[in-house]
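Written out below as structure tokens is the structure these notes cover.
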There are 2 protein chains.
Amino acid sequence: MGTAERKEREKQRRRTTIINAAERIFFSSRGNKKTMDDVAKRVELSKGTLYLYFKNKDELLYAIAQKGVNKLCDYLKQSTSTTLNGREQLSEYGDAFVQFVTDHPKHFDLILRFEILEPTIESDMIMEPALNLLQHALTLGQSDGTIRKDHTEKELVIVLWSQMVGILNTIKHKEKYLNQFNIDVQQIIKGHFHLIMQGIG
Amino acid sequence: MGTAERKEREKQRRRTTIINAAERIFFSSRGNKKTMDDVAKRVELSKGTLYLYFKNKDELLYAIAQKGVNKLCDYLKQSTSTTLNGREQLSEYGDAFVQFVTDHPKHFDLILRFEILEPTIESDMIMEPALNLLQHALTLGQSDGTIRKDHTEKELVIVLWSQMVGILNTIKHKEKYLNQFNIDVQQIIKGHFHLIMQGIG
DNA sequence: TTCAAAAAATGACTTAGAGTCATAAAATAA
DNA sequence: TTATTTTATGACTCTAAGTCATTTTTTGAA
């Protein structure tokens with residue numbers, strides 16, 4: 001009988017339930033309700049049970065962040081077009097990315113968190129799936145001559161993504177400073193893209 | 001009589017003593033000795049006293065990070081030369097910065113921490129003094145024609161520094177990932193500088 | 001020199017929240 | 001029906017930051 005299989009499915013379903021409850025808790029702007037106890041209460045399980053499904057709080061957050069990366073990949077796939085050269089495709093991906101951040105700021109914050117914090121999860125390159133998509137544009141550009149060839153696609157994709165993380169980190173954490181100097185966030189993003197598109201060719 | 005002045009000086013001296021002790025504690029690679037209790041023990045004061053001199057742990061860390069920024073400014077000043085054009089000066093500053101990070105990795109880690117973490121200190125742009133130096137090179141370059149003028153110096157300096165933070169963050173936190181793909185850190189830094197120097201002109 | 005007031009220092013205590021584990025309840029299968 | 005395995009529970013432990021009533025030291029006027 002397929003008891004084991006059914007149990008496995010139930011386990012997965014419960015895991016998903018926990019992730020969704022946690023998402024609502026962690027993404028709520030309501031004050032300080034962000035503890036595992038809060039999640040447990042929300043999902044109507046005991047705290048101990050949460051720790052049967054997730055090794056620790058970080059693993060739970062990581063699972064939520066992964067959902068975000070999947071969403072981002074959808075955005076990127078959507079903006080993929082065979083009519084574009086590598087350079088144009090890269091630019092499209094940049095726009096799609098900004099759109100994703102605009103549409104799902106909380107998910108993006110969480111992804112940023114895992115880009116930025118001391119790695120707590122073993123296999124920790126949460127963006128990998130999205131980076132692989134980006135890399136296609138670079139490979140394409142290198143073969144159609146629209147992107148420089150003095151660095152490998154892998155190197156370039158890491159440099160580009162790292163720079164992007166830096167820019168978005170500043171936008172998120174230095175809002176006060178930017179305001180203080182009347183610096184427009186849109187201008188920063190534009191400036192970044194201008195530099196990159198000129199530098200990449 | 002100058003009692004008040006003397007007291008003020010003693011207060012400053014004690015503050016410095018605490019900062020130095022904390023630096024040795026926080027920068028020690030030895031296991032887990034990184035608590036305020038550990039600092040208190042080291043400096044031979046009670047924990048309560050630490051909180052008379054620093055509002056919280058973060059303020060103490062911030063003071064250490066500021067020492068690091070001062071050191072970095074020394075590096076930048078050292079590499080300033082009137083014989084260079086803006087673009088060349090910028091490049092020199094890049095090298096000086098890498099040298100600083102090499103010489104003082106722990107200080108740099110702490111600076112990065114304040115660039116990256118949710119702002120806990122009110123006036124939170126710890127790098128400001130160093131950014132002002134960088135900005136001189138940009139201003140110079142914009143007037144001698146070696147640096148693009150379609151963005152203000154302030155915008156450019158923020159974009160450049162943010163990108164740099166992103167790159168260094170990746171190097172620090174994604175070491176495993178980079179190794180996994182046999183990616184050389186030096187190549188990443190070079191790639192970054194190549195892109196920037198081409199993009200900035 | 002004396003001594004009351006002010007300033008500085010103390011460390012036991014409180015707090016918050018992550019993570020644990022002995023125990024109990026539920027599900028399984030013989 | 002019942003022994004065994006799986007899943008769930010929540011009271012408890014642990015850690016480290018931050019507090020505060022009390023004590024000690026310093027100050028300066030008499």
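Chain A is the first sequence line, chain B the second, and so forth, proteins listed ahead of strands; every chain is numbered from 1. The figures here come from the full heavy-atom set of this structure, side chains too, leaving out hydrogens, waters and symmetry mates.
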(message) Between B:Tyr51 and C:dT10, is there a contact of a side-chain N or O with OP1 or OP2 at under 4.0 Å?
(response) no
(request) Could you tell me whether the side chain of A:Gln66 and the main chain of A:Ile126 form a donor-acceptor pair under 3.5 Å? (result) no
(request) Starting at CD of A:Glu115, measure out to CG of B:Asn169 and round the result to the nearest 0.5 Å. (result) 7.5 Å
(request) Using a cut-off of strictly less than 4.0 Å, decide whether A:Arg14 has a side-chain nitrogen or oxygen near OP1 or OP2 of D:dA8. (result) yes
(message) Nearest whole Å is fine: how far is D:dA16 P from B:Leu50 CG?
(response) 16 Å
(message) With nearest nucleotide decided by heavy atoms, which residue, A:Glu44 or B:Lys47, maps closer to the 5′ end of DNA chain D?
(response) A:Glu44
(message) Whether B:Glu128 and B:Lys154 form a salt bridge (side-chain N of Lys/Arg under 4.0 Å from carboxylate O of Asp/Glu) is what I want to check.
(response) yes
(message) Could you tell me how far apart B:Leu52 (CG) and C:dA9 (P) are, to the nearest whole angstrom?
(response) 7 Å
(request) Could you check how far CZ of A:Arg15 sits from P of D:dT7, rounded to whole Å? (result) 14 Å
(request) Quickly work out the A:Tyr53 OH to C:dG19 P distance and round it to whole Å. (result) 18 Å
(request) Return the value, rounded to whole Å, for the distance between atom CG of A:Asp37 and atom P of D:dT9. (result) 13 Å
(request) Report which part of the nucleic acid B:Thr35 touches: base, sugar-phosphate, or nothing (heavy-atom distance under 4.0 Å, all strands). (result) sugar-phosphate
(request) Choose from C:dA9, C:dA18, D:dT9 the nucleotide whose nearest atom is closest to any side-chain atom of A:Thr49. (result) D:dT9
(request) Write down the distance between CZ (B:Phe26) and C1' (D:dA16), rounded to a whole number of angstrom. (result) 12 Å
(request) With heavy atoms under 4.0 Å as the rule, sort A:Phe54 into base, sugar-phosphate or nothing. (result) nothing
(request) Decide yes or no on side-chain hydrogen bond (donor to acceptor under 3.5 Å, both in side chains) for A:Thr17 and A:Asn20, but give the supporting numbers first. (result) CA-CA 5 Å; A:Thr17 311; A:Asn20 290 335; over 6 Å; no
(request) Round to a whole Å and report the spacing from NZ of A:Lys34 to P of C:dG17. (result) 12 Å
(message) For a quick check under 3.5 Å, do A:His192 and B:Gln163 share a side-chain donor-acceptor pair by atom type?
(response) yes
(message) What is the distance, to the nearest angstrom, from the NZ atom on B:Lys11 to the C1' atom on C:dA9?
(response) 12 Å
(message) Of the options C:dA8, D:dA8, D:dA17, whose atoms approach the side-chain atoms of A:Ser46 most closely?
(response) D:dA8
